[in-house]
Engineer: 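Quick one: the structure is below, and I'll ask about it shortly.
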Amino acid sequence: MGKIYFRNNGISSGIIDVNHAKRMIENVFRSECKRFLLIDYVFCTDVTLLRLNQEYLNHDYYTDVITFTLSGTSLPLTAEIYISVERVKENSEKYNVSYLHELHRVMIHGSLHLCGYSDHTPILKKNMREKENIYLQKVRFS
């Protein structure tokens with residue numbers, strides 16, 4: 001497996017067990033038969049993620065996660081996954097789940113994008129949510 005880094009860009013992710021989080025991500029890639037060289041998870045604010053969403057995707061709305069593949073089509077993957085900690089907190093309250101549960105869901109979601117999954121249609125979104133749930137069932141929450 002490749003390297004996984006977690007960076008707090010002005011806001012703490014709240015990850016309690018970094019090694020546990022890395023194993024969770026590695027499990028997704030191993031199960032999907034995908035390899036990566038480097039994945040950099042960047043935890044940031046809503047404002048930072050909104051700016052990235054506007055600048056790179058031409059979307060003018062808040063989101064919880066944006067995934068950038070830096071290696072193009074070459075393998076193994078190199079990527080950055082940006083996560084809005086504020087959006088994760090809000091969504092955990094909205095869906096009545098713990099913050100760590102929602103954070104892990106979003107981390108898995110970004111990983112699934114790197115594994116080739118899309119969520120641009122209702123059917124694809126449903127398929128991705130099912131995959132997220134499969135991987136979330138394997139996670140213990142501290």
Side-chain angles (χ1 to χ4, degrees), residues 1-9 11 13-142:
M1 267 313 135
K3 298 207 180 272
I4 299 170
Y5 294 102
F6 300 114
R7 289 192 297 131
N8 297 329
N9 187 5
I11 190 165
S13 68
I15 292 176
I16 295 171
D17 186 341
V18 171
N19 291 323
H20 179 256
K22 287 180 180 181
R23 284 191 305 273
M24 174 189 71
I25 295 159
E26 290 169 348
N27 180 55
V28 171
F29 281 89
R30 192 172 15 266
S31 297
E32 296 295 329
C33 299
K34 300 291 182 182
R35 292 180 22 241
F36 65 89
L37 184 64
L38 169 70
I39 301 176
D40 195 9
Y41 283 83
V42 182
F43 301 97
C44 57
T45 64
D46 271 347
V47 171
T48 300
L49 207 54
L50 176 61
R51 188 171 17 88
L52 291 171
N53 210 10
Q54 292 166 332
E55 183 176 340
Y56 293 101
L57 302 175
N58 293 318
H59 298 156
D60 193 22
Y61 53 82
Y62 291 110
T63 188
D64 50 6
V65 60
I66 297 177
T67 303
F68 293 105
T69 304
L70 304 177
S71 54
T73 57
S74 65
L75 294 176
L77 290 165
T78 299
E80 291 179 337
I81 298 176
Y82 289 81
I83 296 175
S84 167
V85 171
E86 294 167 318
R87 190 76 13 221
V88 169
K89 284 180 184 174
E90 186 173 301
N91 286 341
S92 72
E93 294 168 5
K94 179 179 177 181
Y95 298 118
N96 199 31
V97 295
S98 73
Y99 170 78
L100 281 178
H101 182 275
E102 185 64 11
L103 180 64
H104 287 147
R105 185 192 68 74
V106 171
M107 292 169 70
I108 291 167
H109 184 92
S111 298
L112 288 171
H113 275 306
L114 294 174
C115 291
Y117 291 89
S118 175
D119 58 358
H120 293 295
T121 69
I123 289 175
L124 292 174
K125 189 177 278 192
K126 180 180 179 283
N127 290 342
M128 186 174 255
R129 185 54 55 114
E130 288 171 358
K131 278 286 189 180
E132 289 170 14
N133 289 335
I134 288 168
Y135 291 114
L136 276 171
Q137 288 174 0
K138 299 175 184 182
V139 177
R140 68 170 167 74
F141 297 99
S142 302

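Owing to the predicted nature of the structure, the values given are computational and were not obtained by experimental measurement.
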Engineer: Minimum heavy-atom separation for Asn53 to Tyr61, with atom names?
Structural biologist: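 Shortest heavy-atom separation between Asn53 and Tyr61 comes out as ND2-O, 2.9 Å.
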
Engineer: Nearest 0.5 Å please: distance from the CG atom of Asn27 over to the CD1 atom of Ile108.
Structural biologist: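 Those atoms lie 8.5 Å apart.
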
Engineer: Considering the options Leu100, Val106, Val97, which one meets the side chain to side chain contact (heavy atoms under 4.5 Å, CB included) requirement together with Ser92?
Structural biologist: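 Single pass found, and it is Val97.
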
Engineer: Please report the interatomic distance CD1(Ile134) to CZ(Arg129), rounded to the nearest 0.5 Å.
Structural biologist: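 If I round to the nearest 0.5 Å, the distance is 13.0 Å.
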
Engineer: Sub-3.5 Å donor-acceptor pair from the side chain of Asn9 to the main-chain atoms of Val42, do we have one?
Structural biologist: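 Answer holds: no.
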
Engineer: Side-chain polar contacts of residues 65-72 - donor-acceptor pairs under 3.5 angstrom, sequence neighbours left out - could you list them?
Structural biologist:
| from | atom 1 | to | atom 2 | distance (Å) |
| --- | --- | --- | --- | --- |
| Ser71 | OG | Thr78 | N | 3.0 |

Engineer: Take Tyr41 and Ile15, measure what side-chain contact (heavy atoms from CB on, under 4.5 Å) needs, and give me the verdict at the end.
Structural biologist: CA-CA 12 Å; Tyr41 283 83; Ile15 292 176; over 6 Å; no

Engineer: Indicate the atoms forming the closest heavy-atom contact of Ser31 with Lys138, along with that distance.
Structural biologist: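 In this case the closest contact between Ser31 and Lys138 is OG-NZ, 4.3 Å.
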
Engineer: If you measure from CD1 on Ile81 to CZ on Phe43, what distance do you get to the nearest 0.5 Å?
Structural biologist: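 Atom-to-atom, Ile81:CD1 and Phe43:CZ are 9.0 Å apart.
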
Engineer: How far apart are the closest heavy atoms of Phe29 and Leu77, and which atoms are they?
Structural biologist: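 Smallest interatomic distance, heavy atoms only, reads CE2-CD1, 4.1 Å.
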
Engineer: Is the closest side-chain heavy-atom distance between Val88 and Ile83 below 4.5 Å?
Structural biologist: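 Val88 vs Ile83: side chains touch.
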
Engineer: Strictly below 4.0 Å, N to O, side chains only: are Lys131 and Glu32 in salt-bridge contact?
Structural biologist: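 Between Glu32 and Lys131 there is a salt bridge, with a charged N closer than 4.0 Å to a carboxylate O.
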
Engineer: Search all heavy atoms of Phe6 against all heavy atoms of Ala21 and return the closest pair with its distance.
Structural biologist: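 Answer, listing the atom of Phe6 first, then Ala21: CZ-CB, 3.9 Å.
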
Engineer: Can you confirm whether Thr45 sits close enough to Val85 that some side-chain heavy atom of one is under 4.5 Å from a side-chain heavy atom of the other?
Structural biologist: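 Thr45 vs Val85: side chains apart.
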
Engineer: Determine, for Glu86 against Lys89, whether the closest basic-nitrogen to carboxylate-oxygen distance falls under 4.0 angstrom.
Structural biologist: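 A salt bridge is absent here (no side-chain N lies under 4.0 Å from a carboxylate O).
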
Engineer: Of the non-hydrogen atoms in Ser13 and Asn8, which two are nearest, and what is the gap between them?
Structural biologist: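 Smallest heavy-atom distance, with atoms named: N-OD1, 3.3 Å.
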
Engineer: Output, in order, the C-alpha distance, side-chain angles, deciding distance and verdict of side-chain contact (heavy atoms from CB on, under 4.5 Å) for His101 and Tyr99.
Structural biologist: CA-CA 5 Å; His101 182 275; Tyr99 170 78; over 6 Å; no

Engineer: With rounding to the nearest 0.5 angstrom, report the CG to CE distance, Leu112 to Met128.
Structural biologist: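 So the CG of Leu112 and the CE of Met128 are separated by 5.0 Å.
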
Engineer: For Glu26 and Phe36, work out which heavy atoms get closest and say how close.
Structural biologist: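 Nearest heavy atoms, Glu26 then Phe36: CG-CZ, 4.3 Å.
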
Engineer: Report the C-alpha distance between Val18 and Lys22 in whole Å, list the side-chain angles of each, state the deciding distance to 0.1 Å, and finish with yes or no for side-chain contact (heavy atoms from CB on, under 4.5 Å).
Structural biologist: CA-CA 6 Å; Val18 171; Lys22 287 180 180 181; 3.7 Å; yes

Engineer: What orientation do His113 and His109 show, parallel under 30°, tilted 30 to 60°, or perpendicular over 60°?
Structural biologist: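 His113 and His109: perpendicular rings.
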
Engineer: Is the side chain of Ser111 donor-acceptor paired with the backbone N or O of Met107 at a distance under 3.5 Å, no angle test?
Structural biologist: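 Pair found, side chain donor or acceptor close to backbone of Met107.
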
Engineer: Please say whether more than 12 non-hydrogen atoms of neighbouring residues, nucleotides or ligands are located less than 6.0 Å from CZ in Arg35.
Structural biologist: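 Not buried by this count: 12 neighbours or fewer within 6.0 Å.
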
Engineer: Between Gln137 and Tyr135, does a side chain to side chain donor-acceptor pair (under 3.5 Å) hold up when you go through it step by step?
Structural biologist: CA-CA 5 Å; Gln137 288 174 0; Tyr135 291 114; over 6 Å; no

Engineer: Do the side chains of His104 and Met24 get nearer than 4.5 Å, heavy atoms only?
Structural biologist: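 Yes; the side chains approach each other to less than 4.5 Å.
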
Engineer: Is Arg105 salt-bridged to Asp64, going by a charged N under 4.0 Å from an acidic O?
Structural biologist: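 Yes, this pair counts.
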
Engineer: Using side-chain heavy atoms (C-beta onward) and a distance below 4.5 Å, is Leu114 in contact with Lys34?
Structural biologist: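 Side-chain contact under 4.5 Å: no.
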
Engineer: Between Arg87 and Glu90, does any NZ, NE, NH1 or NH2 come within less than 4.0 Å of an OD or OE carboxylate oxygen?
Structural biologist: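 Yes.
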
Engineer: Report the C-alpha separation of Leu49 and Thr63 in whole Å, then their side-chain angles, then the decisive distance to 0.1 Å, and conclude whether the side-chain contact (heavy atoms from CB on, under 4.5 Å) test is met.
Structural biologist: CA-CA 7 Å; Leu49 207 54; Thr63 188; 3.9 Å; yes

